Amino acid sequence: MGDWAHGLLGCFDDFGTCIIAYVVPCVTFGQNAEAAGTASSCLIGGLLFFIPIVNIICWIQTRGAIREQHGIEGSLISDLLAICCCSLCALVQEAQQVKEGGGISRA
């Protein structure tokens with residue numbers, strides 16, 4: 001098990017992603033959900049961002065799927081805390097992880 005490629009407060013490691021997530025977070029949310037396999041398309045993921053309660057559930061599932069795909073340690077509680085306490089930072093962290101790829105393969 002490993003760690004995230006970028007820390008929770010590493011938003012400015014990729015300034016472009018940071019700006020996009022700040023201005024239109026629904027786009028980054030949709031891209032992350034599609035990459036994680038929790039939404040069928042970026043558009044569906046982006047629309048889910050606007051539905052209260054559903055967005056939190058989808059976000060927790062997306063963050064958990066990204067953690068699992070990349071072999072990152074964590075839990076439902078740590079995901080929920082990151083999302084609720086520092087949502088934009090968590091969104092950028094997930095996007096940076098998805099961009100870098102390098103997920104571990106499951107045989």
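Small disclaimer: the values here were computed from a predicted structure and weren't measured. Along the sequence shown, residues carry numbers from 1. Every heavy atom of this structure was used, including side-chain atoms; hydrogens, water molecules and symmetry mates were not.
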Between [atom1] of [X] and [atom2] of [Y], what distance do you get to the nearest 0.5 Å?
X     : Y     : atom1 : atom2 : result
Arg67 : Leu76 : CZ    : CG    : 8.0 Å
Leu47 : Cys58 : CG    : SG    : 11.0 Å
Gln31 : Cys42 : CD    : SG    : 5.0 Å
Lys99 : Thr17 : NZ    : OG1   : 2.5 Å

In terms of relative ring orientation, are Trp59 and Phe29 parallel, tilted or perpendicular, with 30° and 60° separating the classes? perpendicular
So which atom in [X] and which in [Y] form the shortest heavy-atom distance, rounded to 0.1 Å?
X     : Y     : result
Ala33 : Gly45 : CB-CA, 4.4 Å
Leu80 : Ile56 : CD1-CG2, 4.3 Å
Ile66 : Val98 : CD1-CG2, 3.7 Å
Leu48 : Asn55 : O-CB, 3.3 Å
Ala21 : Leu88 : O-CD2, 3.5 Å

No-hydrogen, no-angle side-chain donor-acceptor test under 3.5 Å, Arg63 and Gln93: yes
Group every Ile, Leu, Val, Met, Phe, Trp and Tyr by side-chain heavy-atom contacts under 4.5 Å, then state whether [X] and [Y] land in the same group.
X     : Y     : result
Ile57 : Ile83 : no
Ile20 : Val23 : yes
Val24 : Ile19 : yes
Ile60 : Phe50 : yes

Using the rule given for side chain to side chain contact (heavy atoms under 4.5 Å, CB included), can you reason through Thr28 versus Glu94, listing the C-alpha separation, both sets of side-chain angles and the distance that settles it, and then say yes or no? CA-CA 9 Å; Thr28 305; Glu94 295 159 17; over 6 Å; no
For side chain to side chain contact (heavy atoms under 4.5 Å, CB included), just list the numbers for Leu91 and Asn32, CA-CA rounded to whole Å, side-chain angles, deciding distance to a tenth of an Å, and then say yes or no. CA-CA 8 Å; Leu91 191 62; Asn32 290 348; 3.6 Å; yes
Ser78 side chain vs Ser75 backbone, donor-acceptor pair below 3.5 Å: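 Yes; at least one donor-acceptor contact below 3.5 Å.
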Mind listing the side-chain donor-acceptor pairs of residues 4-13 below 3.5 Å, one per line with the distance, residues two or more places apart or on another chain?
unit_1	atom_1	unit_2	atom_2	d
His6	ND1	Asp13	OD2	2.8
His6	NE2	Glu100	OE2	2.5

Determine which pairs satisfy salt bridge (Lys or Arg N to Asp or Glu O under 4.0 Å) with at least one residue from residues 81-91, sequence neighbours left out, and list them in order. none
Qualifying salt bridge (Lys or Arg N to Asp or Glu O under 4.0 Å) pairs, either residue in residues 46-60, two or more places apart: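 For residues 46-60, and leaving out neighbouring residues, there are no salt bridge (Lys or Arg N to Asp or Glu O under 4.0 Å) pairs at all.
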